[in-house]
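Have a look at the structure below, then the notes.
Every chain is numbered from 1 and lettered A, B, ... according to where its sequence line falls, protein lines coming before strand lines. Side chains included, hydrogens not; waters and symmetry mates left out as well; all remaining heavy atoms used.
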Amino acid sequence: MTVRTRFAPSPTGMLHIGGVRTALFCWLYARRHGGTFILRIEDTDRERSTDEAIQVIIDGMDWLGLKPDEGPVFQTKRYDRYREVIGQLLASGHAYHCWCTKEELDQMRAEQQARKEKPRYDGRCRHGRALREGITPVVRFRNPTEGSVVVRDVVHGPIEFQNAELDDLIILRSDGNPTYNFCVAVDDWDMRITHVIRGDDHINNTPRQLNMLQAMGAEPPVYAHLPMILGPDGTKLSKRHGAVSVLEYRNAGFLPEALLNYLGRLGWSHGDQEIFSLEEMTRLFDLDDVNKSASALNPDKLAWTNQQHMMKRPGAALAPLLAERLQALGVDTAGVDLAAIADAQKERAKTLLEMAENSRFFFADPQAYDPKAAAKNLTAETAPVLERVRAVLDSLEAWGAAGIHAALEALAAELGVGLGKVAQPVRVALAGGPVSPPIDATVAILGRETVLRRLDRALGVARSG
RNA sequence: GUCCCCAUCGUCUAGAGGCCUAGGACAUUACCCUUUCAAGGUAACGACACGGGUUCGAAUCCCGUUGGGGACGCCA
């Protein structure tokens, strides 16, 4: 049996990272077993579905590299098929028309709640009802009233539901649109889905879907309900928590492999390992290792994970992404070795955005010096040192980090001071502040002309300060 | 309210009855390394929700309590 999984988002909001984690596990499981991963867009709610949301789903998955093998399949394109199945269910008595109005149903629910009962359709149209003028009936699924349904869930184990707890759900609205639970059942069947991997907020839908599958004569898939992902404060994920949409993570400068690594470690683990490449995850992933409890997002750990992945990438593989972030900040990146900058900066930034911000001084001379740093490093005492550095660098033959390092070290030795006494004034002169990559790399990247120019300017400040 | 799910450091997790004096990671704090900042290294802090069973032995199995989450739509 070939494994077939599906990721089935509804395009009503932005694709958030809880959805991404679901997509990841579906993708991973399919990849791991040489199966097929399908993207299905559940857009039967025509009021709330938007093209923009569909685009975000597709762009987001594309960015992350979670490419579907089939799809996107749109449920709204399958209406003929749904109506066909509804016709069959009607004919076989597994479904019936219901003429209740919304007002009638609202009243019924209100009464039930007043009696502290679980609100549910009471089946008043179950055994036929006179056709009512001016009302287009809905179609309801005739759920069994006795016995129970057992969901065989690979992460939770068997879960039993009493049929008496379930009511007759609407499968076709009065406007002719089929509803979610029904479409899911038909689609999972038609698409020959073998493993339904989704959030555990769907556990309660599963017995209904199982009953419909049975009524249609379909073999049910295996279910795996994943624990929810909560916001950092342990409550349900919402816009309140800030970055929720995948694309926001891209814009904040996270690497796709890092986001996937972090999300993968939520609800899944492999011993003590924290850092995984996508390839490793694919090789190691198993539904047996998925745990049952919800997990809260930890922004610090996400940032750390991102840094770990940035350090794993060669600078050249970071350069184009760094360029995007710099351009977003309005920095002109022409003519500068971005790969070298990325290599120098990747272990001192948590995100590409932070890297870009830390790297601005590579592209423009400091407009002002950090007051504290200048007061300490651009002084009458350091001026002679800066002068010597200027002379040494001016006459240096081969421009390169190794040569620069050797030259500065020799100078420090000659002056009888530690390298720090030489490097720090130079750093402030070049970067405008007390922080930068190692001075040799910084000098090398900046280039002789820029370095000499900035030293001259700093010298002016040092002499007068 | 009814039904369903869940429960190990602040957070993510390891843990399949003895290997647990409960391990790792993020965060925090100290120290080391060091030309700054980082990165890296070492250490410290820090948890089995509670109560009953079962067992020679329970974080692990069972029951209850409490707490959290989800579902109960002509939403998905």
Side-chain angles (χ1 to χ4, degrees), chain A residues 8-13 42-45 47-49 98 100-102 105-106 109 112-121 136 138-140 151 153 156 159-162 164-167 169-181 183-184 199-207 225 227-228 230 232 234-236 262 265-275 291-305 307-308 311 345-350 358 373 377 405 408-409 412 418-424 426-428 431 433-440 442:
Chain A
S10 63
T12 50
E42 314 224 321
D43 53 353
T44 55
D45 183 351
E47 306 261 301
R48 297 195 301 153
S49 296
C98 168
C100 295
T101 61
K102 283 180 189 169
L105 294 173
D106 285 346
R109 265 190 287 270
Q112 287 165 332
Q113 269 165 2
R115 272 181 268 128
K116 308 246 183 222
E117 286 171 14
K118 182 176 184 170
R120 55 200 294 283
Y121 180 64
T136 314
V138 299
V139 176
R140 286 186 187 270
V151 177
D153 188 300
H156 291 273
I159 307 168
E160 184 175 13
F161 291 85
Q162 295 303 316
E165 289 291 332
L166 275 21
D167 63 357
L169 71 153
I170 291 171
I171 59 179
L172 187 71
R173 300 179 175 97
S174 50
D175 66 1
N177 284 307
T179 60
Y180 170 76
N181 280 108
C183 295
V184 167
D200 66 14
D201 48 340
H202 287 288
I203 287 182
N204 292 287
N205 289 326
T206 312
H225 287 101
M228 295 280 89
L230 311 172
T235 65
K236 196 176 178 181
Y262 176 72
R265 278 286 288 98
L266 255 29
W268 173 82
S269 60
H270 180 74
D272 288 338
Q273 188 171 348
E274 296 289 349
I275 299 300
N291 66 212
K292 305 188 251 207
S293 49
S295 42
L297 245 22
N298 182 339
D300 285 333
K301 188 158 182 180
L302 202 214
W304 173 81
T305 305
Q307 182 173 41
Q308 294 298 311
M311 291 192 294
Q345 294 283 50
K346 63 189 182 185
E347 64 189 28
R348 55 202 99 233
K350 301 286 192 190
N358 293 345
N377 295 290
H405 187 260
L408 293 181
E409 210 159 46
L419 187 51
K421 291 284 182 206
V422 175
Q424 202 57 7
V426 175
R427 172 169 288 115
V428 176
V435 176
S436 87
I439 203 66
D440 47 3
T442 303

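- Using atom P as the reference point in both G17(B) and A58(B), the two lie 14 Å apart (nearest Å).
- Looking at Glu274(A), its side chain comes within 3.5 Å of the base of G24(B) through a donor and an acceptor atom.
- Across all strands shown, Phe161(A) has heavy atoms under 4.0 Å from sugar-phosphate atoms exclusively, and none from any base.
- The listed nucleotides are A71(B), C26(B), C12(B); the one nearest the side chain of Asp300(A) is C26(B).
- Among the nucleotides C3(B), A25(B), A76(B), the one closest to the side chain of Lys301(A) is A25(B).
- Residue Ser174(A) is in base contact, counting any heavy-atom pair closer than 4.0 Å across all strands shown.
- For Lys301(A), the salt bridge (charged side-chain N to carboxylate O under 4.0 Å, His left out) criterion is met by Glu274(A), not counting sequence neighbours.
- If you check C4(B), G69(B), A76(B) against the side chain of Met228(A), the one that comes closest is G69(B).
- Atom C1' of A14(B) sits at a distance of 10 Å from the matching atom of A22(B), rounded to the whole Å.
- Within the 4.0 angstrom heavy-atom criterion, only backbone atoms of the sugar-phosphate kind lie near Glu165(A); the bases stay farther away.
- OP1 or OP2 of C6(B) sits under 4.0 Å from a side-chain N or O of Lys292(A).
- C31(B): Watson-Crick or G-U partner is G41(B), with both key distances under 3.5 Å.
- Taking 3.5 Å as the limit, the base of A76(B) and the side chain of Asn205(A) contain a donor-acceptor pair of atoms between them.
- We find that CH2 of Trp268(A) is positioned 13 Å from C1' of A14(B), with the value rounded to whole Å.
- Spacing between A49(B) and U42(B) at atom P, rounded to whole Å, works out to 30 Å.
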Checklist line | Annotated protein contacts, base or backbone, on nucleotides 15-23 of chain B with a non-hydrogen cut-off under 4.0 Å, one of B, S, - each | finding: --------B

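- Within 4.0 Å (heavy atoms only), Ile170(A) reaches at least one base atom of the nucleic acid.
- In this structure, the side chain of Gln113(A) does not engage the main chain of Pro119(A) through any donor-acceptor pair within 3.5 Å.
- For C6(B), the OP1/OP2 oxygens have a side-chain nitrogen or oxygen of His156(A) closer than 4.0 Å.
- Counting distance only, with no hydrogens placed and no angle test, the side-chain atoms of Thr179(A) and the base atoms of C74(B) include no donor-acceptor pair under 3.5 Å.
- Base pairing of U11(B) is made with A25(B), judged by Watson-Crick or G-U wobble geometry with both donor-acceptor distances under 3.5 Å.
- When heavy atoms are screened at a 4.0 angstrom cut-off, Asn291(A) is found touching the sugar-phosphate backbone but no base atom.
- In this structure, C3(B) forms a base pair with G70(B), meeting either the Watson-Crick or the G-U wobble geometry with both donor-acceptor distances under 3.5 Å.
- Of the nucleotides present, G18(B) is the one that pairs with C56(B) by Watson-Crick or G-U wobble criteria, both distances under 3.5 Å.
- The phosphate of G73(B) (OP1 or OP2) has a side-chain N or O of Arg109(A) nearer than 4.0 angstrom.
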Next item on the list: For nucleotides 28-51 of chain B, just jot down a letter per nucleotide in 5' to 3' order: B, S or -, based on protein non-hydrogen atoms under 4.0 Å.
Entry: -------BBBBSS-----------

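- C48(B) is unpaired under the Watson-Crick or G-U wobble criterion, no partner having all donor-acceptor distances under 3.5 Å.
- Across C5(B), C6(B), A76(B), the shortest atom-to-atom separation from the side chain of Arg48(A) is found for A76(B).
- In this structure, Thr44(A) reaches the sugar-phosphate backbone alone: every heavy-atom distance under 4.0 Å involves primed, P, OP1 or OP2 atoms, never a base.
- Residue Gly267(A) is classed as a sugar-phosphate contact, given heavy-atom separations below 4.0 Å to backbone atoms only.
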